[in-house]
S.K.: 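Please read through the structure below; I'll follow up with questions.
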Amino acid sequence: MKSTFIRTLAAAAAGLALSAGAQAQDKFTYMTNWYAQAEHGGFYQAVATGIYRKYGTDVTVKMGGPQVNIMQLMAAGQTDCIMGSSDLQMMIARSGGLPITTVAAIFQKDPQVLIGHDGVVNSFEDMKGKTILIAPSAQRGYWLWLKQKYGFTDAQTRPYTFNIQPFVADKNTVQQGYLTSEPFAIQKAGVKAKAFLFADRGWTSYATTISCMDETIKGRGPAVAAFVKGTMEGWKSYGRSGARQRADQEGQPQHDRRAARVQRGQAQGDGHRHRPRRARAGHRHDEPGAHRLQLQVPGRQQAGRPGQGDARRRLQLLVRQGPEGAAVIREPVSVLAAAPPAIEVLSAHKTYPNGTVALQPVDLTVQEGEFVTLLGPSGCGKSTLLKMVAGLLEPTDGRLLLWRKPVAQLEETKRRMAFVFQSPTLMPRASVEANVRLPLDGRRRAQRGRRPGRRCARPRGPQEVCQGAARALSGGMQMRVSIARSLVVQPNLLLMDEPFGALDEITRHKLDSDLLDLWRAKKLTVVFVTHSIHEAVFLSTRVIMMAARPGRIVEEVVIDEPYPRKPDFMVTPRFAEYARHLQESLLRASQETEEVQ
């Protein structure tokens, strides 16, 4: 398989070499597979330092993220090339009929690892029979190799949600990770762990690739060739500037260093936890080459955050030297501006005057375009948190930001927010159209409101429904009117407090599907409260599990499944696995609540 890939790579490179140089300032778009981070540094370095422009390309680097299907976007023409996590991923896609070719690979060794507790797991063989947390995408990749090589079974696996807490809480649990990310986060949590690098035991996959559609290589060969050349030079510059900056920064304050980390922190927020950034490395292990994974260099005292300099040296050892030199990993000088998070909850908590603690300090970040569901037992603070985000309740302490602004200053961001309550809260004697138009009437813009009022009713029933009284509608139709009323102001953020809880199951499923269609069509950010596990799995990009008395977040679960999601998804094994995991998590949260009582 590897030799086939190399031949494909060589053939693609030869085809590109025959092309003439790209035309001056040819626009080119490249999409990464996650938010900006250290492992993407060479691309951003080439943009920041003008290297791409030297090769005649005006490059835009777009960030991927949770639930962003970069292959689908490339196939739809939204980007010229994408970052593949591994060459195996691209070969699987090509074998499935997608005409995609990898033309370059940055990492000559894949930094994927499995992580076990120190003293419990000393080798891959010790992982047999233990629970292994892996993401669904991994089951179609390196998990197949692990099963064949070490005899692991699917029965051992549980979904990895990019949250280290399940691993921290159970010494008999193993989890996936990236050499430069999760091990460091686990160390910060005070847990001694060992990381086992796949590449040390025969996993030969490349990583961080440049992969393009065949028609792009054929039709835009000069631009692709220029992008590859600029990228390789960008990575060389990335490594050289890292050494220079380390020399220049001796004695400088920590806050003057690493502009890229500051940029990412502003883009994602301090509370962003659903996937740790792959920025630094972690713990030692006892596999071959374990000396390369030591966090500290003997005889050298660390300064600042653990592993800042050592992580780079360690990754230098993990990549192979090529004719262009090693790709050294460090933060770039600067990165492209990224969209700020839609919501940032920063140590916000709520205590009522009678002394009841409704919500312990909570940290939560919701990225723009996410569909996040709050799930948990009654009294865990789901609605309290939602109302604080909406500005309907003031936190006792802490901060809540919407697009980097306090909630009260939302208008300054030129964005809008809408709230859907548990009950429809309609004017019963008024017409449907009048109910839908109400927010615009309140702003003295009734003339603009008439058209949305009629439009919202037509797709769901006869035109006479618009003029009929709201009290004559069924519960499901009333809730549709409530949602239409919230959408008439064209919100960017939609907050929904268990809107379908009182409806029958059939109507609820129909409205769930309608809501997903609206979310995708209007590119909304949605925070949704529910008591239904199945509803949470069906709708969400991410589920936040909460426990009560006091209210607090206990787990975050990423639902790593593609959209659109049809009702058939609810009878798949993957859906059942997510539901079972959330059921167990909810049971634990409920038991914690009972113990507090």
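Each residue takes its place number in the sequence, starting with 1.
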S.K.: Write down the atom of Q176, the atom of A138, and the distance for their closest heavy-atom approach.
M.R.: OE1-CB, 3.8 Å
S.K.: When you check the gap from the basic side-chain N to the acidic O, do R574 and D560 get nearer than 4.0 Å?
M.R.: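 Salt bridge between R574 and D560, a charged N being under 4.0 Å from a carboxylate O: no.
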S.K.: Check step by step if side chain to side chain donor-acceptor pair (under 3.5 Å) holds for T525 and E370.
M.R.: CA-CA 5 Å; T525 302; E370 277 197 282; over 6 Å; no
S.K.: Answer yes or no: is there a side-chain heavy-atom contact under 4.5 Å between K194 and I115?
M.R.: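 They are not in side-chain contact.
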S.K.: Is a side-chain N or O of S181 found less than 3.5 angstrom from the main chain of Y178, in a donor-acceptor match?
M.R.: no
S.K.: Under 3.5 Å, is there a donor-acceptor pair between the side chain of R565 and the main chain of E561?
M.R.: yes
S.K.: Within the structure provided, determine whether V362 and Q360 are in side-chain contact (heavy-atom separation under 4.5 Å).
M.R.: no
S.K.: Who are the salt bridge (charged side-chain N to carboxylate O under 4.0 Å, His left out) partners of D214, not counting sequence neighbours?
M.R.: R94
S.K.: For A36, does its backbone N or O pair with a side-chain atom of E39 as donor and acceptor, under 3.5 Å?
M.R.: no
S.K.: For the pair Y142 and F198, evaluate ring pair (Phe, Tyr, Trp, His ring centres under 6.0 Å) and give the outcome as yes or no after the intermediate values.
M.R.: CA-CA 9 Å; Y142 62 74; F198 297 169; 4.8 Å; yes
S.K.: Spell out, as yes or no, whether a donor-acceptor pair under 3.5 Å connects the side chain of Q156 to the backbone of K130.
M.R.: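 Checked: pair present.
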S.K.: Step by step, would you call M83 with W34 a side-chain contact (heavy atoms from CB on, under 4.5 Å)?
M.R.: CA-CA 9 Å; M83 177 186 293; W34 199 250; over 6 Å; no
S.K.: Measuring from M90:CE to T101:OG1, what's the distance to the nearest 0.5 Å?
M.R.: 11.0 Å
S.K.: Identify the heavy atoms of V168 and A189 that sit nearest to each other, and give their distance.
M.R.: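 Taking every non-hydrogen atom into account, CG2-CB, 4.2 Å.
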S.K.: I want to check something: taking the side chain as every heavy atom from C-beta on, are V527 and I343 in contact at a cut-off of under 4.5 Å?
M.R.: yes
S.K.: Mind checking what makes side-chain contact (heavy atoms from CB on, under 4.5 Å) contact with S86, not counting sequence neighbours?
M.R.: L88, Q89, D110, S205
S.K.: Indicate yes or no for a side-chain donor-acceptor contact from D126 to the backbone of N122 under 3.5 Å, with no hydrogens or angles considered.
M.R.: yes
S.K.: Would a distance-only check, ignoring hydrogens and angles, find a side-chain to backbone donor-acceptor pair under 3.5 Å from T572 to F575?
M.R.: yes
S.K.: Does F43 have its ring centroid less than 6.0 Å away from the ring centroid of Y30?
M.R.: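 So the answer is yes for these two rings.
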S.K.: Quick one: salt bridge (charged side-chain N to carboxylate O under 4.0 Å, His left out) partners of K149, sequence neighbours excluded?
M.R.: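 Per chain and number, K149 pairs via salt bridge (charged side-chain N to carboxylate O under 4.0 Å, His left out) with no residue.
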S.K.: Do F371 and T373 have side chains that approach each other closer than 4.5 Å (heavy atoms only, starting at C-beta)?
M.R.: yes
S.K.: Mind checking side-chain contact (heavy atoms from CB on, under 4.5 Å) for Q72 and listing every partner two or more places apart, or none if nothing turns up?
M.R.: N69
S.K.: Locate the shortest heavy-atom distance separating V558 from Y578; write the atom from each residue and the value.
M.R.: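 Smallest heavy-atom distance, with atoms named: O-CE2, 3.6 Å.
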S.K.: Could you check whether any side-chain heavy atom of L364 comes within less than 4.5 Å of a side-chain heavy atom of E556, counting everything from C-beta outward?
M.R.: yes
S.K.: For D568, enumerate each residue passing the salt bridge (charged side-chain N to carboxylate O under 4.0 Å, His left out) test, keeping only those at least two apart in sequence or located in another chain.
M.R.: none
S.K.: My understanding is that only residues two or more places apart in sequence, or in another chain, count here; which of them pass ring pair (Phe, Tyr, Trp, His ring centres under 6.0 Å) with H117?
M.R.: F167
S.K.: Return yes if some donor-acceptor pair links the side-chain N/O of W519 with the main-chain N/O of G369 below 3.5 Å, else return no.
M.R.: yes
S.K.: Any idea which heavy atoms bring P166 and L133 closest together, and the distance?
M.R.: CB-CD1, 4.0 Å
S.K.: Could you state the interatomic distance from CD1 (I186) to CG (D118), rounded to the nearest 0.5 Å?
M.R.: 12.0 Å
S.K.: Are the side chain of K171 and the backbone of V120 linked by a donor-acceptor contact shorter than 3.5 Å?
M.R.: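 No: the side chain of K171 does not pair with the backbone of V120.
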S.K.: State whether the side chain of T102 and the backbone N or O of S211 hold a donor-acceptor pair below 3.5 Å, judged by distance alone.
M.R.: no
S.K.: Grab the two heavy atoms, one from M545 and one from S585, that are nearest each other, plus how far apart they are.
M.R.: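 What the structure gives for the nearest pair is CG-OG, 3.3 Å.
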S.K.: Could you walk me through whether K566 and F569 pass the side-chain contact (heavy atoms from CB on, under 4.5 Å) check?
M.R.: CA-CA 6 Å; K566 300 301 182 182; F569 170 53; 5.8 Å; no
S.K.: In Å, rounded to the nearest 0.5 Å, how long is the span from CD1 of I82 to OG1 of T209?
M.R.: 7.0 Å
S.K.: Rounded to the nearest 0.5 Å, what separation is found between the CD1 atom of I70 and the CE atom of M63?
M.R.: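 Going from the CD1 atom of I70 to the CE atom of M63 covers 13.5 Å.
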S.K.: Should E577 and R580 be marked as a salt bridge (charged side-chain N to carboxylate O under 4.0 Å, His left out) after you check the CA-CA gap, both sets of side-chain angles, and the distance that decides it?
M.R.: CA-CA 5 Å; E577 180 65 23; R580 186 177 65 81; 2.9 Å; yes
S.K.: Pair I559, T541 - check side-chain contact (heavy atoms from CB on, under 4.5 Å), show working.
M.R.: CA-CA 5 Å; I559 309 300; T541 60; over 6 Å; no
S.K.: Look at the side chain of R201 and the backbone N and O of L197, then say whether any donor-acceptor pair between them is shorter than 3.5 Å.
M.R.: no
S.K.: Decide yes or no on side chain to side chain donor-acceptor pair (under 3.5 Å) for E182 and Y160, but give the supporting numbers first.
M.R.: CA-CA 12 Å; E182 283 87 347; Y160 177 50; 3.0 Å; yes
S.K.: Please determine, by modelled atom types, if S237 and Q45 share a side-chain donor-acceptor pair under 3.5 angstrom.
M.R.: yes
S.K.: Can you spot which of M546, H581, Q165 makes a side chain to side chain contact (heavy atoms under 4.5 Å, CB included) with E555?
M.R.: H581
S.K.: Return the CZ to CD1 distance between F227 and I210, rounded to the nearest 0.5 Å.
M.R.: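 Taking CZ in F227 and CD1 in I210, the distance rounds to 5.0 Å.
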S.K.: Evaluate the side-chain contact (heavy atoms from CB on, under 4.5 Å) criterion for residues L375 and I544: first the C-alpha distance (whole Å), next the side-chain angles of each, then the deciding distance (0.1 Å), finally the verdict.
M.R.: CA-CA 6 Å; L375 182 66; I544 309 299; over 6 Å; no
S.K.: Quick check for you: to the nearest 0.5 Å, what is the distance between D363 atom CG and I553 atom CD1?
M.R.: 8.0 Å
S.K.: Does a side-chain heavy-atom distance below 4.5 Å link E535 with D512?
M.R.: yes
S.K.: At their closest point, which heavy atom of I132 faces which heavy atom of M127, and how far apart are they?
M.R.: CD1-O, 4.3 Å
S.K.: Indicate yes or no: at least one non-hydrogen side-chain atom of V372 is less than 4.5 angstrom from one of F528.
M.R.: no
S.K.: Below 4.5 Å, heavy atoms only, C-beta onward: do L385 and L359 meet side chain to side chain?
M.R.: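 Yes; the side chains approach each other to less than 4.5 Å.
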